[in-house]
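What follows is a short report on a single structure.
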Amino acid sequence: MEKEKASAERTPRPREWRPQLYRKCTDTTWLFLFFLFWTGLMFITGYSVAAGATARLLFGYDSFGNVCGKKNSPVEGAPLSGQDMTLKKHVFFMNACNLEVKDVRLSSTILCVSSCPEEQLDTLEEVQLFADNNGSFLCVYSLDSINYTQNPNADSLCPSLPVPPSKSFPLFNRCVPRTPECYSSFASVLINDVDILHRILSGIMSGRDTILGLCILALALSLGMMFTFRFITTLLVQIFIALIISGLLLVCGVLWWLYYDYTHDLSIELDTERENMKCLLGFAIVSTVITAVVLSLIFVFRKRIKLTTELFQVINKAISSSPFLLFQPLWTFAILIFFWVLWVAVLLSLGTAGAAQVIEGGQVEYQPLVGIRYMWWYHLIGLIWTSEFILTCQQMTIAGALVTCYFNRNKNDPPDRPILWSLSILFCYHQGTAIKGSFLMTVTRIPRTILMYLHNTLKDKHGAWSRCMFRCCFCCFWCLDKCLRQLTQNAYTATAINGTDFCTSAQDVLKLSSKNSNHFTSVNCFGDFIIFLGKVLVVCFTVFGGLMAFNYNRALQVWAIPLLLVAFFAYLVAHCFLSVFETVLDALLLCFAVDMETNDGSSEKPYFMDQEFLSFVKRIDKLNAARAQGEESSLRNEEGTELQAVV
């Protein structure tokens, strides 16, 4: 007896849930680590500003280190550098029809000119006349226009004759030849031999207006979906599902049609067009798989529509206690936009960071600086981690506001300013927890990013088995990401309830989940599925608009990457706005489980939940019990049928 008592004393007592009774600073070590990480990001930002030259990428530059359209500083040892090119905004190639790449640089001399020759120039006299009439000098800057026909070295200082007619294209402001044979040679060398990062960045910059318009479209669609969920009815759910099905089929059909159009286009000669065609095939296959999976899930969950509508009404009632929760994503969106703009600006600067080197003939070339590739990876990790941290702050703010309203005994007197109270608790006590959880999500994303990079790098060198292994690993990491995201969301809510650190909160959530059966798992899953469909709808119509817009500029830009970025941005914006309902739903269910764990509904320990929520839970319990009883009776009938004698 004494041994049993001693063992009972040694057994640690399970920690109790204490809603909003205790607060302390949590995971402070991670706050310090995040500060150190951002110190590194600030160093990269300062380094990119000092060493980078975004203007070279956006506006183009000549062979002597002058950026076209800008006033330049001289480069030591290059006498033709440091010129004022404010009025000379176009990049002209003196030997556009016979471009060659020698030692990773173009053999042709490049100049900044005020206008491109729109008609063919056959002689030096015509080149001189064009310079006198248009003020656009097509020979090297050291040669005055009056000496075009008199200088014995004019053949090497002036463009190769005949000069083809050309037109300025918004890709680096180049003068692109218009004759078919010259254009083919010019584009195949110039575009196909440009570094892949510069090709992608140039595609982004040349389609920046389209990308901005598509981002605004994604924002408008996300706002529309948020207000649709706010006033949802059974009819709206059915219309919404019909729109989802139509959007998925439309995007899938357009992608396959564009791929068919590319494969039967005999004029495709550039690597950019071939890359667009390959990306279209990948997009089409992925969209087909997603369409098949989503349609199958819609068919499986079709009978849960009415219960899901009631669940959303319960969610909306919880939101009505703090209606400003719906505006919570706006400041999150504004902060994300500011951070993404800063991130892209630093990326552009890193892409052009190089040291000026004077070569033969007084020309200037830029050598990439050591360590730039490592900075790109560090910069990418900063994008993922910081974006996850900003979204995590939104989730913890919403969860904290809902917890404050839920664990309030007097429902007729809701707490004042629960959002501001939740924000103050977050920034005073739980920033370290938000950083730790967002880092965990970043760690699951980094292997997927590395796998995608390796797959694209080695796609021509591995066989079917290795491709299958890559896809299996990618799928496993995706599933891990989804499971951890759900766990971290519940851990944030547990932190808002109990004030514990991330690991303790996650452990408490797992114990509570294993101890208490979920009363409405199926309806919860379908509620999350409806919210996910809202994100899919936003992405579908944004991608459809992008396909129609980008398809008009096939040749001189890799628009598959900007389209992928637009799709990623659309999903993030939709997630930013619609995650309000997702966070409220998950937090509401966890609060309900804690309420059931700590109270029994008696007069001494009454439930915190209101009567409408309690009646909804009882109705779900009855439906689950009836379904379980029906499955048991059908199983017994099957067993009885097997045992009956055949007459």
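The closest donor-acceptor contact from the side chain of N133 to the backbone of L129 lies under 3.5 Å. In this structure, Q120 contributes its side chain and P165 its backbone to no donor-acceptor pair below 3.5 Å. In this structure, S136 contributes its side chain and S115 its backbone to a donor-acceptor pair below 3.5 Å. Between the side chain of D122 and the backbone N or O of P162 there is no donor-acceptor pair closer than 3.5 Å. No donor-acceptor pair closer than 3.5 Å links the side chain of H575 to the backbone N or O of K535. Listed for the N72 side chain is a donor-acceptor partner under 3.5 Å among the backbone atoms of V67. Here the side chain of Y141 pairs no donor or acceptor atom with the backbone of L111 at under 3.5 angstrom. A side-chain donor-acceptor contact under 3.5 Å links Y378 to the backbone of F37. Not a single donor-acceptor pair under 3.5 Å links the side chain of D62 to the backbone N or O of I110.
Minimum interatomic distance between Y148 and Q128 (heavy atoms only, all atoms of both residues): CD2-CA, 3.7 Å. Nearest approach of V538 to A218, heavy atoms of both residues: CG1-O, 3.8 Å. Closest of all the heavy-atom pairs between T392 and S438 is OG1-CB, 3.9 Å. Closest approach of C540 to L248, counting heavy atoms only: SG-CD2, 3.5 Å. Smallest separation of non-hydrogen atoms from V163 and F92: CG1-CZ, 4.0 Å. The two residues G77 and V358 make their nearest non-hydrogen contact at O-CG1, 3.4 Å.
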Check step by step if side chain to side chain contact (heavy atoms under 4.5 Å, CB included) holds for S81 and N66. CA-CA 6 Å; S81 63; N66 300 299; 4.2 Å; yes

Does the pair V573 and C215 meet the rule for a side chain to side chain contact (heavy atoms under 4.5 Å, CB included), with working shown? CA-CA 9 Å; V573 171; C215 292; over 6 Å; no

Working for side-chain hydrogen bond (donor to acceptor under 3.5 Å, both in side chains), residues S287 and W256: CA-CA 10 Å; S287 66; W256 282 112; 5.2 Å; no

Begin from the C-alpha positions of C158 and L124 and carry the test side chain to side chain contact (heavy atoms under 4.5 Å, CB included) through to its verdict. CA-CA 8 Å; C158 291; L124 288 176; 3.9 Å; yes

Verdict with reasoning, V127 to L161, per side chain to side chain contact (heavy atoms under 4.5 Å, CB included): CA-CA 9 Å; V127 174; L161 298 175; 4.1 Å; yes

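Heavy atoms from other residues, nucleotides or ligands lying under 6.0 Å from CD of E118 number 12 at most. With a 6.0 Å radius and a threshold of 12 heavy atoms from other residues, nucleotides or ligands, E119 has its CD atom at or below the threshold.
A distance of 7.0 Å separates CZ of F327 from CE of M226, quoted to the nearest 0.5 Å. Taking CH2 of W331 as the start and CD1 of I390 as the end, the distance is 8.5 Å to the nearest 0.5 Å. In this structure, the separation between CE on M42 and CZ on F35 is 11.0 Å, given to the nearest 0.5 Å. Note: E388 CD to C393 SG = 11.5 Å, rounded to the nearest 0.5 Å. To the nearest 0.5 Å, the span separating CD1 on I381 from CG on L41 amounts to 9.5 Å. Atoms CG and OG, from L350 and S48 in turn, are 5.0 Å apart once rounded to the nearest 0.5 Å.
Residues satisfying the side-chain hydrogen bond (donor to acceptor under 3.5 Å, both in side chains) criterion with D144, sequence neighbours excluded, are absent altogether.
Side-chain contact between L383 and F339 is present, with at least one heavy-atom pair separated by less than 4.5 Å. Side-chain contact between F93 and P177 is absent, with no heavy-atom pair separated by less than 4.5 Å. Counting only heavy atoms from C-beta outward, the side chains of F43 and T39 never approach each other to under 4.5 Å. By the 4.5 Å heavy-atom criterion applied to side chains, I44 and V346 are counted as neighbours. Using a 4.5 Å heavy-atom cutoff, the side chains of L391 and S579 are not in contact. When side chains are defined from C-beta on, F577 does not count as touching T332, because their heavy atoms never get closer than 4.5 Å. Using a 4.5 Å heavy-atom cutoff, the side chains of F569 and I337 are in contact. Counting heavy atoms from C-beta on, the side chains of S114 and N134 never come closer than 4.5 Å.
Aromatic ring pairs are classed by plane angle as parallel below 30°, tilted from 30° to 60° and perpendicular above 60°; the pair W385 and W30 is perpendicular. Taking the six-membered ring where the residue is Trp, F34 and F389 present tilted rings, their angle falling between 30° and 60°.
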